[in-house]
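To start, the structure under review is shown below, and the notes come after it.
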Amino acid sequence: MILEILHDKINFKSKLFFLIYLIPSSIYSAEIPLNTSSMPWWMWPLILLIVTFIMGIIAVLGGVGGGVLFVPIIGGFFPFHIDFVRGTGLLVALCGALAAGPGLLKSNLANLRLAMPMALIASTMAIVGAMVGLSLPSHLIELSLGITILLIVLIMLLAKNSDIPNVKKADSLSTALQITGIYNEPSLNRNISWKIHRTWAGLFSFIIIGFMAGMFGLGAGWANVPVLNLMMGAPMKVSVATSKFLLSITDTSAAWIYLNKGAVIPILVVPSLVGIMLGSFVGVRILKIAKPSFIRWMVIVILLFAGLKALSKGLEHYGLIFFI
Amino acid sequence: MKKIKVKSEENILYANVLEKGMFFGLILMVVTFFLYIFGLLDPVIPLKV
């Protein structure tokens, strides 16, 4: 019905775009933008491929996942509906985690016993987050996404990670679950045995992390690492690796919700995944020669811009424009 | 004190299953994407209206 009415009114030069905005369900019908772009339909996937390729390089160099860069940048500067961007963002984060997961587990850096209790809570909450996120109007999502991204920038600026935290005594829960491990540290040329504490506090944190991951389609590695490292006392390398592996479970459950609601479109997802993956391969090679501090600042600045953009898009609904 | 194994068997088992599933999914994604793009099967969501 809506399709027919709009078809009469609008000259659709790019039919694909119409689909991109309209497909998920009638709940988005109030927000259909009128697209009169003269570009052929395959241009956007091609641009997406190039942008995600660059993003993949920066993500590896900056030590962040693809999702946290993808959602605010593509959501802020591309004309796609935020629901599709979030659905794709989840799959981008998921893809990176799945590609890295087996290697990290085999090298004993990612720990299954540490990941599983967190994954159970985070993935359950990611389902809730995805459902809440898809039922909220998009300006509220953009507004809260903007605030979240700006908070991530703050975390990145302030968090001081500890390579091997000093855990005096493992708590009773982590002992009961046998969350402990040993890994080889080449820089010290010895095996390091680790244990964790504050397990309950960590589990509670993953309630919030899981919810946000599902709601915004972010990988949430930015939150996993500080919780595992600073709060629970897992060594830095184990935290990073376990966090990456954890995403493969957390994001899967949320991704089903987005798939089920029709917010995952192959024409957006596949170029993005291919771009991020190719970019990551190149990024790993550049990593050997790049200066980490410069890249870290670059990621912070990019996220700052993307966060402000998302915030301003959310505020546009209330008639406030402060950022173009 | 209980001896801790450096290589955890459950980690390796899970990693192997995950790896096979990941490659299977990747191949499936590429194949189905080309089926979709080249219109070899009728998609639920049409590429162009």
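Numbered from 1 within each chain, the chains take letters A, B, ... in sequence-line order. Predicted model only: the values in this text are computed from it and were never measured.
When A:Leu105, A:Asn224, A:Asn111, A:Leu98 are each tested for a side-chain contact (heavy atoms from CB on, under 4.5 Å) with A:Phe245, only one passes: A:Leu105. Here the rule is side-chain contact (heavy atoms from CB on, under 4.5 Å) with A:Thr52, and of A:Ile276, A:Thr88, A:Val274, A:Ile47 only A:Ile276 fits it.
Using bins of under 30°, 30° to 60° and over 60° for the plane-to-plane angle, the ring pair B:Tyr36/B:Phe33 lands in the tilted bin.
Taking 4.5 Å as the limit, some side-chain heavy atom of A:Phe80 sits within range of a side-chain heavy atom of A:Leu48.
Annotation: maximal heavy-atom pairing with chain B below 4.5 Å, among A:Pro102, A:Ala115, A:Ala99, A:Pro266, occurs at A:Pro102.
Only the side chain of A:Ile249 comes within contact range of chain B, judged by heavy atoms closer than 4.5 Å. Only the backbone of A:Ala110 has a heavy atom closer than 4.5 Å to any heavy atom of chain B. When heavy atoms are compared at a cutoff of 4.5 Å, A:Leu273 approaches chain B solely by way of its side chain, counted from C-beta outward.
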